[in-house]
J.: 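Submitted below is the structure of interest, expressed as structure tokens.
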Amino acid sequence: MSLTKIEDLPTVYNAKETEEAIYKFWEDNECFKANAKSEKEPYSIVIPPPNVTGVLHMGHALDGTLQDILVRYHRMSGYETLWMPGTDHAGIATQNVVEKKLRQEGKTRFDLGREKFVELTWDWANEHKSAILNQFKRLGASFDRSRERFTLDKGCSDAVKEVFVKLYEKDLIYKGAYIVNWCPRCQSAISDIETDYETEKSNLWEISYSLKNEPGAIVVATSRPETIYGDVAVAVNPNDYKYKDLIGKTVLIPLTGREIPIIADDYVDKTFGTGALKITPAHDPNDYEVGKRHNLKPIWVIDEQGKMKHCAEVHPDIQGLTREEARKKTVELLQYNNSLVRIVPIEHNVGKCQRCNTTIEPLLSEQWFVRMEPLAKAAIEAVESGKIKFVPERWTKNYLGWMTNIRDWCISRQLWWGHQIPAYYNNETGDMVVAKQNPDPAKYTQDSDVLDTWFSSGLWPFSTMGWPNTEAEDFKKFYPTSTLVTGFDIIFFWVARMITMGEEFTKKAPFSTVYIHGLIRDENGQKMSKSKGNTIDPVGIIDKYGCDALRFTLTSLCTYGGQDIKISDEKFEYGRNFANKIWNASRFVLMNLEGVDNNKIDFDNLTLADKWILNKLNETAKETNENIKNYRIGEMAHTLYDFFWNSYCDWYVEIAKIQLQDESLKLNTQRVLKYVLDMTLRLLHPVMPHITEAIWQLLPKNTDVKAIMLSKFPIYEEKFAFTQENTQMELVFETIKSLRNVRQSFNIPVSTKINIEILAENNEEDIFKKVEAYIHRLARVEGIKYVDENHKTQKQSASTVVSSSKINIPLAGLIDLNEEIKRQTKKLEKITNEKNSLLARVNNEKFMSNAKPELIEQTKSRIEEIIVQETTINELINSLK
RNA sequence: GGGCGGUUAGCGCAGAUGGUAGCGCAUCACAUUGACAUUGUGGAGGUCGCUGGUUCGAGUCCAGUAUCGCCCACCA
């Protein structure tokens with residue numbers, strides 16, 4: 001790093017320039033590289049791999065920042081730390097992007113053929129793979145790029161095959177016909193959790209099915225009249241007396257006249273609709289179950305494109321129509337045919353593809369599934385036993401609820417981009433072999449489906465570490481990982497699957513803590529989305545306010561409960577202002593270090609203020625460690641902000657200016673200034689890595705550690721515990737604040753110096769004598785006189801009581817007497833109320849016997865304090881009158 | 001239908017084990033050659049959604065209730 005001359009440092013922190021240089025400095029020095037051979041205790045995090053198609057958004061920024069904070073903290077705390085970066089191949093999303101590009105050239109993927117298309121997609125992925133992780137660099141992410149992985153790379157692919165084959169061998173993967181959520185636009189099955197439900201206004205059409213060979217009919221209610229062609233039965237509840245006599249009879253499907261039976265099944269709700277339900281097993285999951293119970297063969301009437309099939313069962317006028325057209329036309333035909341009894345408007349939920357919002361078509365088809373129930377056992381146990389802990393804890397219930405009611409996972413997707421299913425079919429016999437490799441490419445053809453993207457990301461914590469080679473260095477050193485950081489929206493998609501797979505294949509929980517943070521929303525609490533146009537681009541924020549400002553702001557908005565975070569552009573001013581404050585305070589310190597040595601602080605020559613700030617720093621270090629260990633990250637940010645700004649800058653630096661004038665104190669003050677700044681920068685480093693590193697590099701130190709990010713994180717040290725001095729100093733601060741308060745309320749200009757009398761009790765005079773210089777300067781006081789009760793100057797004085805010390809101030813000319821009387825009366829009222837409630841407390845026997853002694857003491861002294869204040873305020877009011 | 005979360009100052013939010021209600025922004029007054037106006041100093045502003053209960057004492061614990069939001073399941 002090139003050292004700038006201190007005097008040349010700009011008065012406004014230049015984030016952009018600094019951040020670029022600092023990140024490069026870390027990279028050049030390989031500061032992020034993890035060493036699997038290290039003896040140190042490991043700490044590892046795997047990144048939730050962002051989609052290759054992705055562009056950095058605020059969710060990434062928050063997620064990445066939190067991970068980086070944990071990683072940097074542990075690295076500084078003596079752990080061998082690995083943050084594993086990588087990207088996800090994102091099946092449908094990526095395929096969509098490439099297909100869209102092809103479409104612009106007037107082509108489809110089928111024009112290219114599978115092999116060519118996959119090749120093209122690889123080109124695209126390789127080209128874009130680094131883009132999103134390079135954007136993470138702008139966040140200051142200290143991940144180890146030398147280990148970067150991709151969910152479709154060789155290692156992941158080996159792991160996927162291994163897992164698939166093993167699960168198949170254990171009969172935990174099966175191929176079967178089931179009703180799946182079919183997206184007609186994506187042309188693929190999708191899993192249950194990839195479908196969203198939207199409430200739509202629709203109708204319940206009541207259609208009359210006439211009985212065969214006798215008069216009469218049964219009226220069924222349906223929301224999907226276009227599926228009548230696929231009906232295989234009409235079902236009624238066995239206990240429904242209305243229909244009792246009809247059970248077993250045959251009815252005719254309107255329009256086509258096909259014969260179907262009336263069956264009885266408990267599934268039918270007597271009270272809904274007409275109490276009679278048409279059964280279409282190929283296009284409704286519940287009907288499928290009913291059909292199976294009654295041995296009814298499903299009839300497909302809607303194809304994969306969502307169009308009506310050209311088959312005998314479908315009315316000739318309907319064949320080839322889309323679902324929507326078919327519905328309209330069928331209703332018309334029914335009406336014409338007098339089969340439509342009535343139309344009842346209803347609201348119901350319609351399944352939509354999460355990715356493209358196309359209405360899902362429940363479709364009976366052959367797909368691959370993972371049998372989840374046996375696998376879920378260990379995954380439930382891992383959380384119930386506490387081996388894996390959710391933070392905040394409430395997500396545990398959510399997770400367990402889902403896992404205990406788990407349904408089989410449909411893992412096959414009819415796409416080309418992804419892990420192709422390692423099942424091979426004999427070209428002649430059709431026999432299937434599941435194996436890691438094609439047994440004989442000349443004779444066998446691989447299953448054309450690929451796996452759900454989450455299948456490979458479910459293996460991420462160990463596939464990235466070298467598994468299935470259990471002897472791999474990284475696997476041995478860094479697996480299981482330590483903490484998983486993510487948003488609650490992917491607990492089911494990802495976290496649950498990683499735990500399941502981790503337990504099954506490594507017999508270990510893949511991480512010990514799942515830290516769930518809130519979602520980023522806009523200032524109105526709306527989810528950010530491109531379509532709503534309410535996104536805030538983190539890179540834009542970084543350009544405008546700086547990366548550390550972004551990180552600090554986001555961090556400070558994190559709550560322990562993991563509430564969602566509402567942000568707006570202006571909120572980042574908070575972090576920017578803090579960065580600028582750090583910058584300028586550091587500039588001041590650096591400019592005043594001339595002549596300082598590298599010796600340790602001289603403990604025998606510490607002033608009250610020195611001890612106070614060292615104690616405060618010590619407490620802050622303690623709290624910071626605790627906060628971070630307990631994932632109270634927002635709290636950590638607040639604590640550091642408060643310490644740096646309100647203690648170090650507002651008080652200590654101001655006092656240091658006084659002490660630096662005193663030759664006998666100068667050197668030690670410089671040492672304290674430097675030491676506290678050094679330690680504070682370290683405490684802040686995990687949150688604000690760039691600015692702290694930049695300043696630290698300018699700080700004279702006696703260490704050969706080349707970067708703050710490799711330095712030791714401060715911890716609580718007994719030798720800095722100056723609790724008594726802390727209390728004494730607080731008394732002084734109260735005094736100074738009260739003096740300022742009185743000065744302003746009496747409109748005494750800052751330029752006017754005042755004389756004060758301090759009425760000090762016990763040893764307080766000694767304390768004040770030690771800090772007279774501070775009072776002189778910080779409260780702009782000329783003369784200080786110590787007096788006792790009998791000698792205080794009353795005439796021509798307005799007075800106020802500060803703690804147990806009394807300060808007399810000569811009355812300045814221009815006081816609005818009435819205003820002041822009002823103010824003082826109000827104040828009097830307030831403290832009298834407080835006194836009364838405290839008195840009630842002290843007079844209460846139970847309080848006196850139950851409360852802690854310190855609290856009783858505190859209460860008593862507060863009452864005494866109030867009594868003194870009351871007297872003084874009364875005196876004051878009288879003198880004003 | 002089941003579960004979860006929010007409700008505290010004008011706005012955005014903190015408030016572990018119950019003990020004098022806090023922070024940021026905004027606001028008002030004062031301060032500008034001195035690290036910083038992306039600043040400093042001081043002030044004003046709250047019966048903690050509502051009702052009951054436990055307790056000497058409740059923002060905090062319990063019961064109920066209102067309201068907003070989220071998740072899961074889903075009856076055609």
Side-chain angles (χ1 to χ4, degrees), chain A residues 9 11-13 192-193 197 204-205 220-224 227 235 267-269 271-280 284 286-287 346 348-349 392 394-395 397-398 401-402 405 488-489 491-492 518-519 523 525 545 549 553 556-557 559-568 570-571 573-592 626 630 632 634-635 638 641-642 649-650 653-654 657 737 740-745 747 749-751 778 823 831 833-835 837-838 840-852 854-856 858-859 862 866:
Chain A
L9 295 175
T11 57
V12 173
Y13 171 56
D192 292 334
I193 47 177
Y197 287 90
L204 211 50
W205 285 272
V220 305
T222 180
S223 63
R224 300 202 58 191
T227 63
Y267 167 71
V268 183
D269 180 349
T271 62
F272 191 90
T274 62
L277 171 63
K278 64 188 219 48
I279 301 298
T280 320
D284 183 281
N286 294 308
D287 290 10
I346 53 157
H348 70 155
N349 290 334
R394 65 189 154 95
W395 294 110
K397 204 171 170 184
N398 195 277
W402 194 70
N405 296 304
F488 59 79
D489 50 333
I491 290 179
F492 302 147
L519 259 36
E523 51 196 320
Y545 298 104
T553 303
S556 71
L557 292 172
T559 63
Y560 184 63
Q563 298 303 320
D564 287 353
I565 297 169
K566 289 185 211 169
I567 58 166
S568 59
E570 308 83 58
K571 281 201 175 175
E573 288 174 5
Y574 177 64
R576 180 203 56 186
N577 293 356
F578 186 44
N580 197 53
K581 188 73 181 177
I582 296 171
W583 183 253
N584 279 297
S586 304
R587 246 171 27 97
F588 170 80
V589 174
L590 290 167
M591 285 188 290
N592 285 283
E626 277 168 8
N630 294 313
R632 294 175 173 272
E635 198 61 32
H638 297 143
Y641 181 95
D642 178 62
C649 294
D650 288 350
V653 167
E654 292 307 317
K657 286 175 185 170
K737 276 200 231 172
R740 287 167 171 171
N741 180 342
V742 170
R743 176 191 286 278
Q744 287 227 359
S745 57
N747 271 331
V750 182
S751 51
L778 300 180
R823 281 166 54 103
I831 58 171
N833 280 339
E834 193 189 334
K835 186 188 72 178
S837 74
L838 292 176
R841 185 192 274 187
V842 175
N843 290 331
N844 186 305
E845 276 175 37
K846 286 185 180 167
F847 170 74
M848 297 305 279
S849 54
N850 293 341
K852 286 184 197 157
E854 308 107 73
L855 185 65
I856 295 175
Q858 220 177 321
T859 310
R862 177 67 185 150
I866 291 176

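Just so we're on the same page: letters track the sequence lines, and every chain starts at 1. The figures here come from the full heavy-atom set of this structure, side chains too, leaving out hydrogens, waters and symmetry mates.
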J.: How far, in whole Å, is C4(B) from C61(B) if one measures between their P atoms?
T.: 15 Å

J.: Measure from CZ on F578(A) to C1' on C23(B) and round the result to the nearest Å.
T.: 13 Å

J.: By nearest atom, which of the nucleotides G6(B), C56(B), C70(B) is closest to the F847(A) side chain?
T.: C56(B)

J.: Side chain of R740(A): nearest nucleotide among G19(B), A76(B), U41(B)?
T.: U41(B)

J.: Can you check the distance between U20(B) and C72(B), where both ends of the measurement are the C1' atom (answer in whole Å)?
T.: 45 Å

J.: Is K835(A) near enough to U20(B) that one of its side-chain N or O atoms lies under 4.0 angstrom from OP1 or OP2?
T.: no

J.: Assess, by modelled atom type and distance only, whether the side chains of N844(A) and R841(A) contain a donor and an acceptor separated by less than 3.5 Å.
T.: no

J.: Please state the C1' separation for the pair G12(B) and C30(B) - nearest whole angstrom.
T.: 28 Å

J.: Distance check, P atoms only: U67(B) and A21(B), in whole angstrom units.
T.: 31 Å

J.: Indicate, with a heavy-atom threshold strictly under 4.0 Å, whether Q563(A) touches base, sugar-phosphate, or nothing.
T.: sugar-phosphate

J.: Flag the pair K571(A) and E523(A) as a salt bridge only when some basic side-chain nitrogen lies within less than 4.0 angstrom of an acidic carboxylate oxygen.
T.: no

J.: Which of these nucleotides, C71(B), G42(B), U20(B), is closest to any side-chain atom of K737(A)?
T.: G42(B)

J.: Could you tell me whether E635(A) contacts a base, only the sugar-phosphate backbone, or nothing, with contacts defined as non-hydrogen atoms closer than 4.0 Å?
T.: sugar-phosphate

J.: In which stems does RNA chain B show up, taking only runs of three or more Watson-Crick or G-U wobble pairs whose two distances fall under 3.5 Å?
T.: B:1-7 with B:66-72, B:10-13 with B:22-25, B:27-31 with B:39-43, B:49-53 with B:61-65

J.: Taking the minimum atom-to-atom distance to the side chain of R394(A), which one of U41(B), G5(B), C72(B) wins?
T.: G5(B)

J.: Just the rounded figure in Å: distance from C1' of C13(B) to CD of E523(A).
T.: 15 Å

J.: Check if the side chain of N349(A) and the base of C74(B) share a donor-acceptor pair of N or O atoms closer than 3.5 Å.
T.: yes

J.: Could you walk me through whether F492(A) and N398(A) pass side-chain contact (heavy atoms from CB on, under 4.5 Å), step by step?
T.: CA-CA 9 Å; F492(A) 302 147; N398(A) 195 277; 3.1 Å; yes

J.: For the atom pair NZ (K835(A)) and OG1 (T859(A)), what is the distance rounded to the nearest 0.5 Å?
T.: 15.0 Å

J.: Given the P atoms of G15(B) and U8(B), what is the spacing between them in whole Å?
T.: 14 Å

J.: Please pick, from G24(B), U41(B), G42(B), the nucleotide with the shortest atom-to-atom distance to any side-chain atom of Y574(A).
T.: G24(B)

J.: Identify which nucleotide among A35(B), G19(B), U38(B) has an atom closest to any side-chain atom of R587(A), counting heavy atoms from C-beta outward.
T.: A35(B)

J.: According to salt bridge (charged side-chain N to carboxylate O under 4.0 Å, His left out), who are the partners of E573(A), at least two apart in sequence or on a separate chain?
T.: none

J.: Is any side-chain nitrogen or oxygen of N844(A) closer than 4.0 Å to OP1 or OP2 of G57(B)?
T.: no

J.: So what does Y13(A) hit on the nucleic acid, given a heavy-atom distance under 4.0 Å: a base, only sugar-phosphate, or nothing?
T.: nothing

J.: Of all the choices, C13(B), A35(B), C56(B), which nucleotide is nearest to the side chain of K846(A) once you look at every atom?
T.: C56(B)

J.: Base, sugar-phosphate, or nothing: which does V12(A) touch, judged by heavy atoms less than 4.0 Å apart?
T.: base

J.: CD1 of I565(A) versus P of C70(B): gap in Å, rounded?
T.: 17 Å

J.: For the pair D564(A) (side chain) and L519(A) (backbone), establish whether a donor and an acceptor sit closer than 3.5 Å, ignoring hydrogens and angles.
T.: yes

J.: Of all the nucleotides listed (A35(B), C72(B), G42(B)), which has the minimum atom distance to the side chain of F492(A)?
T.: C72(B)

J.: Using the P atom on both, measure C23(B) against G64(B) and round to a whole Å.
T.: 36 Å

J.: Expressed as a whole number of Å, how far does the P atom of A14(B) sit from that of U55(B)?
T.: 32 Å

J.: When you compare G5(B) with U17(B), how far apart are their P atoms, in angstrom units rounded to a whole number?
T.: 15 Å

J.: Spell out, as yes or no, whether a donor-acceptor pair under 3.5 Å connects the side chain of D284(A) to the backbone of I279(A).
T.: no

J.: Verify the contact: side-chain N or O of N850(A) to OP1 or OP2 of U55(B), cut-off strictly under 4.0 Å; return yes or no.
T.: no

J.: Measure distances between side-chain N and O atoms of Q744(A) and base N and O atoms of A31(B), and say whether any donor-acceptor pair falls under 3.5 Å.
T.: no

J.: Round to the nearest Å and state the distance from D287(A) atom CG to A76(B) atom P.
T.: 11 Å

J.: What is the separation between atom NZ on K852(A) and atom P on U20(B), rounded to the nearest whole Å?
T.: 11 Å

J.: Hey, which of these two, I346(A) or K397(A), hits RNA chain B nearer its 5' end, going by closest nucleotide?
T.: K397(A)

J.: Between C56(B), A76(B), A14(B), which nucleotide has the shortest distance from any of its atoms to the side chain of Y267(A)?
T.: A76(B)

J.: Base, sugar-phosphate or nothing for K278(A)? Non-hydrogen atoms, less than 4.0 Å.
T.: nothing

J.: Could you tell me how far apart K581(A) (NZ) and A35(B) (C1') are, to the nearest whole angstrom?
T.: 8 Å

J.: Could you tell me whether K657(A) sits above the aromatic face of F588(A), with NZ or CZ closer than 6.0 angstrom to the six-membered ring centre and within 45 degrees of the axis?
T.: yes

J.: Between C1' on C56(B) and CG on L855(A), what's the gap in Å once rounded to a whole number?
T.: 11 Å

J.: Under 3.5 Å, side chain of R394(A) to main-chain N/O of G561(A), donor-acceptor pair present?
T.: yes

J.: Could you give the NE2-to-C1' distance, from H638(A) to G24(B), as a whole number of Å?
T.: 8 Å

J.: Both T559(A) and A840(A) contact RNA chain B. Taking the nearest nucleotide for each, which residue is further toward the 5' end?
T.: T559(A)

J.: Name the closest nucleotide to the E654(A) side chain, picking from U38(B), C13(B), A35(B).
T.: A35(B)

J.: Rounded to the nearest 0.5 Å, how far apart are CG of L9(A) and CZ of R587(A)?
T.: 7.0 Å

